[in-house]
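Heavy atoms only: backbone and side chains are in, while hydrogens, waters and symmetry mates are out.
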There are 2 protein chains.
Amino acid sequence: MSFTAKELLTKRGVKLTSQRLVITEYLMQTYEHPTADEILAAVAEKLPMALSRATVYNTLKTLVDAGVIREVLTEPGRTRYDANTSEHHHFVDVKSGRIVDIPQEMLPDIQKVLGDKYNVKSYTVTFYGDLNEDSK
Amino acid sequence: MSFTAKELLTKRGVKLTSQRLVITEYLMQTYEHPTADEILAAVAEKLPMALSRATVYNTLKTLVDAGVIREVLTEPGRTRYDANTSEHHHFVDVKSGRIVDIPQEMLPDIQKVLGDKYNVKSYTVTFYGDLNEDSK
DNA sequence: ACCCAATTTAGATTTAGTCTAAATACAGAC
DNA sequence: GTCTGTATTTAGACTAAATCTAAATTGGGT
Ligand SMILES: [Mn+2]
Ligand SMILES: [Mn+2]
Ligand SMILES: [Zn+2]
Ligand SMILES: [Zn+2]
C-alpha cells in the first residue's frame, strides 16, 4: 500500500524528471520537516547535474499543487515541507526545534464545533511545548 | 476594565514614545490582523515626524515580548499582528482573506488530549473556509 | 530518431525583515 | 525647570526567502 516516489508522481499526473524524483524521495524518507534550502542542500549532492534554487521552489510548488506533499507553517518566515499528506497536525518541541506529526485522530472532532456561521474547509493545529524524553 | 494604550504600555513596563503609542493605538482599534508594512502605511500619516521601517519592526518585537500584542501566522511569508492577547484562534475566510477571532472557549478542551508524552505549553488553531455572509 | 511543450537553469529581482552607527528623546536626578 | 545617561529612532545598507526572466535542455509521445 506504500507507493514509491515514481508511482506517486505518475499517479498524480506529475511528469517525471530526475529533480522531481530525488526531491520527492528525499521528503518521503525523512521525518523532519525541511525548508527549501535544507532540501536543496541535501539533494544537490545526490544529483549528477547541478540543481538550481528556482527548480527546488518550482518543484515544491508543483508537488504541493499535485497533493504529493504539503506546506507546514510553524514559525515566521520559513516554509517547511512534509511528504506526510494524511490529515495531521504538528507538535513543535521548543527546545530542539523538532517537529513531530500529530494524527488527526488524536484530537477531538473540532471540525464541527464552529456551527453554521463558519464553513470550515480545513484547519491546522500547531502545538508548542516539550517532548518528553522517550522521543522516537 | 478596558485599558488605554498608554496605560497598557506603562503596566507592561514599556517606555512611552509617540511611535509606540500610535502603533499600539492603531492595533487596538482595528479588527484586521495587519502586517508590519500595513501598520507602517496606516500609522505614518498619524505621526508628525517620519516613521522608519526599523522602528515599526523594533516596536512590534518590543510589544510582542512585553505581551501587549501577538503574532499571527496564517500564510507563508507574512507575519501579522493582533492586539487581542486573549487566548484565541483564527478563522481565515479564503475568499476575502479576512481573519476573524475564534475564542478559546468555542473549542473543546484540546489542551489535555495529547497525554503525557507531550507537554503542551500553547497551541494555535487556524481554520480555513468561507464565512457565511452575516459577517460583522 | 524527431519534435515540441514542459522543465530547468543562472542570475536578476522582489520583499520581509535585520543590522549599523549616528542623531534624538524620554525619564529620573538634581 | 535643566541636566544627563540610556533607550529609542532613524536612514539606509544588508540578508535571506521566494519569485521572475529568458535562454538552454529534456523527456515522452509519435
Ligand atoms: Mn524575509
Ligand atoms: Mn521570502
Ligand atoms: Zn507533518
Ligand atoms: Zn486575533
Asker: Rounding to an integer number of Å, can you tell me how far A/Arg78 CZ sits from C/dA16 P?
Answerer: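 Taking atom P of C/dA16 as the reference, CZ of A/Arg78 is at 18 Å.
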Asker: Start at the 5' end of DNA chain C and walk down; is the nucleotide closest to A/Thr59 or to B/Thr35 reached first?
Answerer: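 The residue mapped nearer the 5' terminus is A/Thr59.
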Asker: Distance check: side-chain N/O of B/Lys61 vs OP1/OP2 of C/dG17, anything under 4.0 Å?
Answerer: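 The answer is no; no side-chain N or O of B/Lys61 sits under 4.0 Å from OP1 or OP2.
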Asker: Once you round it to whole Å, what is the distance between P of D/dA16 and CD of A/Glu38?
Answerer: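 Whole-Å distance recorded here is 14 Å.
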Asker: The helix from C/dA1-D/dT30 to C/dC30-D/dG1: angle between its terminal axes, five pairs each, to 10°?
Answerer: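 The angle separating the two end axes equals 30°.
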Asker: Atom CG of A/Leu40 to atom P of D/dA16: distance rounded to whole Å?
Answerer: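 That distance rounds to 15 Å.
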Asker: For a quick test of reading the model, state the closest non-hydrogen atom pair linking A/Glu7 to A/Thr4 and the distance between them.
Answerer: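 That would be OE1-N, 2.9 Å.
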Asker: With a cut-off of 3.5 Å and sequence neighbours excluded, list every side-chain donor-acceptor pair involving residues 13-25 of chain A.
Answerer:
| unit_1 | atom_1 | unit_2 | atom_2 | d |
| --- | --- | --- | --- | --- |
| A/Thr17 | OG1 | A/Arg20 | N | 3.1 |
| A/Arg20 | NH1 | A/Lys15 | O | 2.9 |
| A/Thr24 | OG1 | A/Arg20 | O | 2.7 |

Asker: If only side-chain N and O atoms count, and only distance matters, is there a donor-acceptor pair under 3.5 Å linking A/His33 with A/Asn84?
Answerer: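 The criterion, which ignores hydrogens and geometry beyond distance, is not satisfied for A/His33 and A/Asn84.
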Asker: Could you report the tightest heavy-atom contact between A/Pro103 and A/His88, atom names first, then the distance?
Answerer: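 Nearest pair, atom of A/Pro103 first, then A/His88: CA-CB, 4.0 Å.
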Asker: Which heavy atom of A/Pro108 sits nearest a heavy atom of B/Ile110, and at what distance?
Answerer: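 Distance-wise, the nearest heavy atoms are CG-CG2, 3.2 Å.
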Asker: Give a yes/no on whether any side-chain N or O of B/Arg53 is located under 4.0 angstrom from OP1 or OP2 of D/dT10.
Answerer: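 For D/dT10, OP1/OP2 do not have a side-chain N/O of B/Arg53 under 4.0 Å.
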Asker: Rounded to the nearest Å, what distance is computed from the CZ atom of residue B/Arg80 to the C1' atom of nucleotide C/dG17?
Answerer: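 Distance, rounded to whole Å: 16 Å.
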Asker: Whole angstroms only, please: what is the CG-C1' distance between A/Leu47 and C/dT9?
Answerer: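 The answer, rounded to whole Å, is 13 Å.
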Asker: Should A/Ser52 be listed as having a side-chain N or O under 4.0 Å from OP1 or OP2 of C/dT9?
Answerer: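 Yes, such a contact exists.
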Asker: Does OP1 or OP2 of C/dG17 have a side-chain N or O of B/Thr79 closer than 4.0 Å?
Answerer: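 Checking C/dG17 against B/Thr79, a side-chain N or O does come within under 4.0 Å of OP1 or OP2.
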Asker: If you compare all heavy atoms of A/Pro34 against all heavy atoms of A/Glu32, which two are closest, and at what distance to 0.1 Å?
Answerer: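 Of all heavy-atom pairs spanning A/Pro34 and A/Glu32, the closest is CD-O, 3.3 Å.
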Asker: I'd like a table of donor-acceptor pairs (distance under 3.5 Å, sequence neighbours excluded) in which one partner is a side-chain atom from residues 120-127 of chain A, with atom names and distances.
Answerer:
| unit_1 | atom_1 | unit_2 | atom_2 | d |
| --- | --- | --- | --- | --- |
| A/Lys121 | NZ | B/Asp130 | OD1 | 3.4 |
| A/Lys121 | NZ | B/Asp130 | OD2 | 3.3 |
| A/Tyr123 | OH | A/Gln104 | OE1 | 3.0 |

Asker: Hey, could you give me each pair passing salt bridge (charged side-chain N to carboxylate O under 4.0 Å, His left out) that has a residue in residues 79-89 of chain B? Not counting sequence neighbours.
Answerer: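 Qualifying pairs: B/Glu38-B/Arg80, B/Glu75-B/Arg80.
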Asker: Please pick, from D/dT9, C/dC19, D/dA17, the nucleotide with the shortest atom-to-atom distance to any side-chain atom of B/Asn58.
Answerer: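 Closest of the options to the side chain of B/Asn58: D/dT9.
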Asker: Decide if atom NZ of A/Lys6 counts as having more than 12 heavy atoms of other residues, nucleotides or ligands within a radius under 6.0 Å.
Answerer: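 Atom NZ in A/Lys6 is not packed in, count stays at 12 or less.
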Asker: Counting primed atoms plus P, OP1 and OP2 as sugar-phosphate and everything else as base, spell out the protein contacts along nucleotides 22-30 of chain C at 4.0 Å heavy-atom distance: B, S or - for each nucleotide, 5' to 3'.
Answerer: ----BS---
Asker: Identify the two heavy atoms, one from A/Tyr26 and one from A/Val43, that lie closest to each other, and give their separation to 0.1 Å.
Answerer: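 For A/Tyr26 and A/Val43, the tightest heavy-atom pair comes out as CB-CG2, 3.6 Å.
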Asker: Measure the distance from CG on A/Leu51 to P on C/dA10 and round it to the nearest whole Å.
Answerer: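 Atom CG in A/Leu51 sits about 9 Å away from atom P in C/dA10.
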Asker: Whether the side chain of A/Tyr128 engages the backbone of A/Thr74 through a donor-acceptor N/O pair (distance < 3.5 Å, no angle test) should be reported.
Answerer: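 Yes, because the side chain of A/Tyr128 sits within donor-acceptor range (under 3.5 Å) of the backbone of A/Thr74.
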Asker: For a quick test of reading the model: is some side-chain N or O of A/Tyr57 closer than 4.0 Å to OP1 or OP2 of D/dT19?
Answerer: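 No, because none of the side-chain N or O atoms of A/Tyr57 sits under 4.0 Å from OP1 or OP2 of D/dT19.
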Asker: Output the residues of residues 63-75 of chain B in contact with DNA chain C, where contact means a heavy atom of the residue under 4.0 Å from an atom of the strand; sort by number or write none.
Answerer: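 Going residue by residue through residues 63-75 of chain B, none turns out to have a heavy atom under 4.0 Å of DNA chain C.
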Asker: Taking side chain as C-beta onward, heavy atoms only, is B/Tyr81 less than 4.5 Å from B/Val72?
Answerer: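 Not touching, per the 4.5 Å side-chain cut-off.
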Asker: Just how far, in rounded Å, is P of C/dG17 from CG of B/Asp37?
Answerer: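 So the CG-P distance, B/Asp37 to C/dG17, works out to 8 Å.
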